[in-house]
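So the structure is just underneath, and the comments pick up after that.
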There are 2 protein chains.
Amino acid sequence: MAGAETRDKAGDASFKPFHRPTALPIAFTAAQTRDLVDLLVWRRDVRAFRREPLPAGVLDRLIATACLAPSVGLSEPWRFVLVEDEARRAAVRVNFAAANAEALGAQAPERQAGYAKLKLAGLDDAPVQIAAFADPDDAQGHGLGRLSMPETIDLSVAIAIHTLWLAARAEGIGLGWVSILDPRPLARLLDVPERWRLIGYLCLGYPQAEDDRPALQRVGWEDRRDPACRLLRR
Amino acid sequence: MAGAETRDKAGDASFKPFHRPTALPIAFTAAQTRDLVDLLVWRRDVRAFRREPLPAGVLDRLIATACLAPSVGLSEPWRFVLVEDEARRAAVRVNFAAANAEALGAQAPERQAGYAKLKLAGLDDAPVQIAAFADPDDAQGHGLGRLSMPETIDLSVAIAIHTLWLAARAEGIGLGWVSILDPRPLARLLDVPERWRLIGYLCLGYPQAEDDRPALQRVGWEDRRDPACRLLRR
């Protein structure tokens, strides 16, 4: 656009993306596409972590990769809050325990015993814990694409989390997305702006074990369905 | 879980995922990780498509890959509605035009000329168009993980869209996510259940051009920010 004068001066023109490929056009070979599908098959929502920390520099690299995610109007509404303080981590565990007790009570009686046996969080062991929020108030993007569907801000953050997830998995690092939490008190205990919305609480670390099937499938809670039944025609 | 008797009989035990890797554990080599980052860098939100159709079988394969996405409680709430009927496609264009006119009017006066020049949808040319919905009422997953954060259903669908996006890009196929739409009338014109929620309207096809920068960045609408400023510590 010729109108560079309308460009938001808050944009940091000196920032260079950390990686660019050199050749055009990009299309994967069959082997590269197979690698991608392998990664998707193996992703896993990890609940059991080894306690060893991630090597230096890894987290910054994973966050940088996550920020390559698409976002509505290039608004990049993701805010990653690294939770390191032990007292705050303990408060997150208390928040989870209360939400989990409520969720257990809401299960059908015949499923409660099964629910109680599930391991639904890795909060005790995960060396890295990140609360991912959406900031609906930043001017970045100038509101483009979200007047009629403002929830696209939250969806953009979910996709950044997924990007982080895949980047971590590629390096052998597991991620577990904890959603059994009361989001408003959790946001308050992390001292973030009132209007930020919690999208997910993420545990990261090396997994204790690897498997090619979702844990909920392995324990008989639920099965995947045939993708063909998800496609309708109109 | 021993309690196989509690398993939902609606699960299709005969369904086999279409792809499994053979070796454990999975971790990418440096070259494979570079491929993944290349794909993320090159993804693009495509607005200008060539009209040629996708080869036979491609769409079913992409949908199957999208269904490898994570979902809250293994609920797989995504519903992909392939919009083929010309009258319905025309009605989607009308819906977009009205929402876009409203969005133009909501822009700050000094940005309206720039907004009017943007190409924000590929609805005229994209050979494949899919409305992606979230179904909040399916029993799959038995409510696990979403009592305190019911919006995780919608976030799961967003991640399935992102998975579809990456799988398409790997095959040289572009995807454009249109969010400048009035979602309730759009759902009605596609004759889907009343409670399904529109998450995104997707255009797919071979792109007219490829570029390593987001279109909104190329035209001066917005810039990416340094990922380091998105990471806070608590």
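- For A:A103, the parts lying near chain B are the backbone and the side chain together; criterion is any non-hydrogen pair under 4.5 Å.
- Residue A:L147 touches chain B through its side chain alone, counting heavy-atom pairs closer than 4.5 Å.
- Summarising the geometry of B:D35 relative to A:F28, their closest heavy-atom pair is O-CZ, 3.4 Å, with the distance given to 0.1 Å.
- Both the backbone and the side chain of B:E102 come within less than 4.5 Å of a heavy atom of chain A.
- Residues meeting the side-chain contact (heavy atoms from CB on, under 4.5 Å) test with B:L231, sequence neighbours left out: A:D60, A:I63, A:F80, A:L82, B:R233.
- The minimum heavy-atom distance between A:I199 and B:M149, with the atom names listed, is O-CE, 3.8 Å.
- For B:I173, no part lies near chain A; criterion is any non-hydrogen pair under 4.5 Å.
- Heavy atoms of A:A131 lying under 4.5 Å from chain B are absent altogether.
- Neither the backbone nor the side chain of B:I130 has a heavy atom closer than 4.5 Å to any heavy atom of chain A.
- Using a 4.5 Å cut-off between heavy atoms, A:R43 touches chain B through its side chain atoms alone.
- Closest approach of B:R79 and A:L232 over heavy atoms only: CB-CD1, 4.5 Å.
- For the set A:S156, A:G145, A:G172, the entry with the most heavy-atom pairs within less than 4.5 Å of chain B is A:G145.
- With a 4.5 Å cut-off on non-hydrogen atoms, B:A69 touches chain A through its backbone but not through its side chain.
- Among all heavy-atom pairs drawn from A:L74 and B:L216, the shortest one is N-CD1, 3.9 Å.
- Scanning both residues, A:C67 and B:R230, for their nearest heavy atoms gives SG-CG, 4.3 Å.
- Looking at B:E171, its side chain never comes within 3.5 Å of a backbone N or O of A:T33 through a donor-acceptor pair.
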- request: Kindly determine whether A:W42 and B:L68 satisfy side chain to side chain contact (heavy atoms under 4.5 Å, CB included), including the steps that lead there.
  value: CA-CA 9 Å; A:W42 277 91; B:L68 293 171; over 6 Å; no
Run the side-chain donor-acceptor check on residues 158-168 of chain A: report pairs under 3.5 Å with partners two or more places apart or on a different chain.
unit_1	atom_1	unit_2	atom_2	d
A:H162	ND1	B:H162	ND1	2.9
A:T163	OG1	A:I159	O	2.8
A:W165	NE1	A:R44	O	3.0

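- Heavy atoms closer than 4.5 Å to chain B are found in the side chain of A:L120, but not in its backbone.
- Contacts with chain B were tallied for A:L198, A:V83, A:L39, A:D85; A:L39 has the most, counting heavy-atom pairs under 4.5 Å.
- Comment: A:R224 engages B:E76 in a salt bridge, judged by a side-chain N to carboxylate O separation of less than 4.0 angstrom.
- Most heavy-atom pairs under 4.5 Å with chain A, from the set B:L40, B:L144, B:V72: that is B:L144.
- Proximity to chain A involves both the backbone and the side chain of B:V81, based on heavy atoms less than 4.5 angstrom apart.
- Here the closest heavy-atom approach between residue B:R225 and residue A:Q140 is recorded as CG-OE1, 3.3 Å.
- For A:S179, the parts lying near chain B are the backbone and the side chain together; criterion is any non-hydrogen pair under 4.5 Å.
- Using a distance-only test at 3.5 Å, with no hydrogens or angles considered, no donor-acceptor pair links the side chain of B:S148 to the main chain of A:A99.
- Using a 4.5 Å heavy-atom threshold, the side chains of A:E151 and B:D154 count as separate.
- Heavy atoms of B:P214 lying under 4.5 Å from chain A belong exclusively to its side chain.
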